[in-house]
There are 2 protein chains.
Amino acid sequence: MTMPGTPPAAAHGVATAGTGDLLSRVSIGRISEVIVDQVRLLIRQGRLVAGDRLPSERELCERFGVSRVTVREALRVLEANGLVEIRVGARGGAFVTAPSSRLVGEGIVDLISLASITAVEVTEARMVFELGVVPLVCERATEEDIAALYDICDRSDAALTSEAYPLELSAEWHTRFAGSAHNRAVTMFVESLHAPLLRSLERAREAAPAHGRHGVEEHRALVGAITQRDVEAATALMNTHLRRTADRVGATAVAHD
Amino acid sequence: MTMPGTPPAAAHGVATAGTGDLLSRVSIGRISEVIVDQVRLLIRQGRLVAGDRLPSERELCERFGVSRVTVREALRVLEANGLVEIRVGARGGAFVTAPSSRLVGEGIVDLISLASITAVEVTEARMVFELGVVPLVCERATEEDIAALYDICDRSDAALTSEAYPLELSAEWHTRFAGSAHNRAVTMFVESLHAPLLRSLERAREAAPAHGRHGVEEHRALVGAITQRDVEAATALMNTHLRRTADRVGATAVAHD
DNA sequence: GTCATCCTAAGGTCAGACCACGGCGTACGG
DNA sequence: CCGTACGCCGTGGTCTGACCTTAGGATGAC
């Protein structure tokens with residue numbers, strides 16, 4: 001059906017005759033790329049939604065008129081982009097995934113490790129965001145939110161007495177805090193900053209001993225301010241709290257240079 | 001060398017006999033995934049840096065003891081993650097590249113559309129971010145930044161007289177504004193919030209010249225405040241400016257429900 | 001010296017095969 | 001009658017070996 005080296009005509013639809021206008025860049029590059037774009041478009045348009053199952057690899061081959069290798073490479077890219085999840089076995093296949101911030105976070109980590117962005121910049125972005133979100137949280141935090149935040153504080157205290165304060169708990173608190181703004185875009189951003197932040201903090205902790213107890217106290221005070229719906233107090237608290245972290249990250253970054 | 005269906009022994013190393021202890025989880029999942037992790041680790045450790053060239057596909061096959069298909073799938077994933085760039089032809093191959101924040105931004109856009117996050121939420125996230133960034137911009141904006149912002153205002157005026165004020169110009173102004181904070185993480189986030197796809201979400205017919213003219217005036221006033229390094233004035237201006245947008249979006253969203 | 005041509009190493013694609021996984025139906029045993 | 005065990009078969013995962021296209025660089029003619 002398809003011959004090696006003969007891209008499917010439908011795939012690029014370059015005008016071979018009859019058009020007098022500019023021949024637009026025909027460098028089709030990769031066939032798998034075309035497939036990726038098609039699927040991604042369908043997802044962005046909402047014509048494919050989370051949970052939907054793409055046709056099987058072999059069926060996609062026929063559909064696109066390409067070999068299985070090509071289809072598989074396309075699926076691999078979609079999977080790497082977090083758009084589909086591939087399950088094997090009967091009833092397997094490529095399923096459009098439920099959205100997750102994990103991959104974006106990983107991407108940011110990569111950005112940092114390849115020096116496209118510095119940890120200082122990420123920390124600063126985090127400050128901007130978490131500080132700006134305080135008013136929203138004050139306005140919208142429910143009793144459940146507050147209980148959950150206090151719970152994390154309790155667990156942090158427990159962890160502290162057992163001398164191992166996991167940074168994860170701090171990160172969890174901040175994520176939960178932002179989540180209390182009840183805005184999914186905001187939540188997503190903060191979640192994606194989760195992984196990079198942990199990494200920077202680990203590095204910071206190597207350089208200087210951690211300050212666990214102090215941080216937890218501030219967390220608790222912040223929840224108190226939220227409970228009182230006291231925007232100014234909460235903002236001030238968050239500001240000093242974040243600034244200390246930022247300073248630590250900044251110090252290690254400078255020392256690292 | 002390797003037989004079909006016979007994964008390289010080194011890959012899983014499951015003890016088939018003689019070991020009485022726990023057989024540790026052997027589900028290696030995918031071989032290509034292992035390769036991806038290895039390369040990614042090398043990059044994160046800094047043992048591979050931007051510009052380095054990985055061995056050719058055929059050489060990697062030998063090195064890992066797998067087929068070319070598998071190696072290619074791994075490279076495809078690395079490429080999709082922006083970690084390597086693949087060049088064809090003589091002197092071609094996979095080159096380690098500093099991932100652009102563009103790719104991560106794309107991921108954010110995908111995430112937002114996949115989670116079907118509403119325009120209201122996106123706008124609110126914008127408010128948080130762009131408002132919080134004002135102090136940074138006041139502090140760091142260069143003369144070039146200011147000139148560029150004024151230029152966009154001029155072009156907006158021109159577009160307005162020809163009665164078509166494109167949302168694109170507004171988006172351009174806002175991204176350029178955030179860019180003046182000279183923090184690439186912030187820039188990335190704001191850019192992704194202004195992605196074309198999301199803008200189309202905001203169906204609000206900005207066409208109304210009244211709105212347009214008003215907006216451009218505010219843009220101009222904002223640049224003025226930035227020039228004076230007047231944080232408070234700038235923040236106030238940005239606040240009213242964004243709030244109007246938010247109200248408009250909110251109104252259409254409500255009408256849409 | 002300059003240009004056109006060929007060479008060659010690299011990625012891109014194909015076809016067909018086999019294996020591992022896993023849901024589901026069926027057949028067997030209780 | 002019910003429950004379990006086995007096996008079918010569709011699905012992704014991998015391998016092989018071949019061919020094509022691309023694009024530097026070498027080689028030769030002018």
### Message
Using a heavy-atom cut-off of 4.0 Å across all strands, would you classify A/R87 as base, sugar-phosphate, or nothing?
### Response
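The answer is sugar-phosphate, as A/R87 gets under 4.0 Å only of primed atoms, P, OP1 or OP2.
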### Message
Generate the contact string for nucleotides 23-28 of chain D. Rules: B means base contact, S means sugar-phosphate contact only, - means no protein heavy atom under 4.0 Å.
### Response
BBS---
### Query
At under 4.0 Å, does any side-chain N or O of B/T70 touch on OP1 or OP2 of D/dC15?
yes
Quick one: [X] [atom1] to [N] [atom2], roughly how many Å, whole number?
X     : N      : atom1 : atom2 : value
B/R72 : D/dC19 : CZ    : C1'   : 13 Å
B/E73 : D/dG13 : CD    : C1'   : 8 Å
B/L75 : C/dT13 : CG    : P     : 13 Å
B/I86 : C/dA10 : CD1   : P     : 14 Å
B/R68 : C/dA9  : CZ    : C1'   : 11 Å
B/I31 : C/dC19 : CD1   : P     : 15 Å
A/R53 : D/dT11 : CZ    : C1'   : 8 Å
A/E85 : D/dG13 : CD    : C1'   : 16 Å

I want to verify a distance call: between [options], whose nearest atom is closest to the [X] side chain?
X     : options                : value
B/E57 : D/dT14, C/dC14, C/dG11 : C/dG11
A/S56 : D/dG12, C/dG11, C/dC14 : D/dG12
A/S67 : C/dA10, C/dC14, C/dG11 : C/dC14

### Message
What verdict does the side-chain contact (heavy atoms from CB on, under 4.5 Å) test give for A/T142 and A/H182, after you've listed the backbone C-alpha separation in whole Å, the side-chain angles of each residue and the deciding distance to 0.1 Å?
### Response
CA-CA 10 Å; A/T142 66; A/H182 297 281; 3.9 Å; yes
### Query
Side chains of B/T175 and B/H194: donor-acceptor distance under 3.5 Å anywhere?
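Note: B/T175 and B/H194 side chains miss the donor-acceptor criterion.
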### Query
Regarding A/E191 and A/S101, is there a side-chain donor-to-acceptor distance under 3.5 Å anywhere?
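Checked: A/E191/A/S101 side chains pair up, N/O donor to acceptor below 3.5 Å.
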### Task
Please work out whether the ring planes of B/F129 and B/F189 are parallel, tilted or perpendicular, with thresholds of 30° and 60°.
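Ring orientation of B/F129 relative to B/F189: tilted.
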### Query
Between atom CG of A/L83 and atom CG of A/L48, what is the distance when rounded to the nearest 0.5 Å?
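So the gap between those two atoms works out to 10.0 Å.
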Distance-only donor-acceptor test, [X] side-chain atoms vs [N] base atoms, 3.5 Å:
X     : N      : value
A/R30 : C/dG11 : no
B/R58 : C/dG11 : yes
B/R76 : C/dG11 : no

#### Entry: NZ/NE/NH1/NH2 to OD/OE distance under 4.0 Å, A/R30 and A/E73
no
### Query
Does any N or O in the side chain of A/S156 come within less than 3.5 Å of the main-chain N or O of A/L169, such that one atom is a donor and the other an acceptor?
no
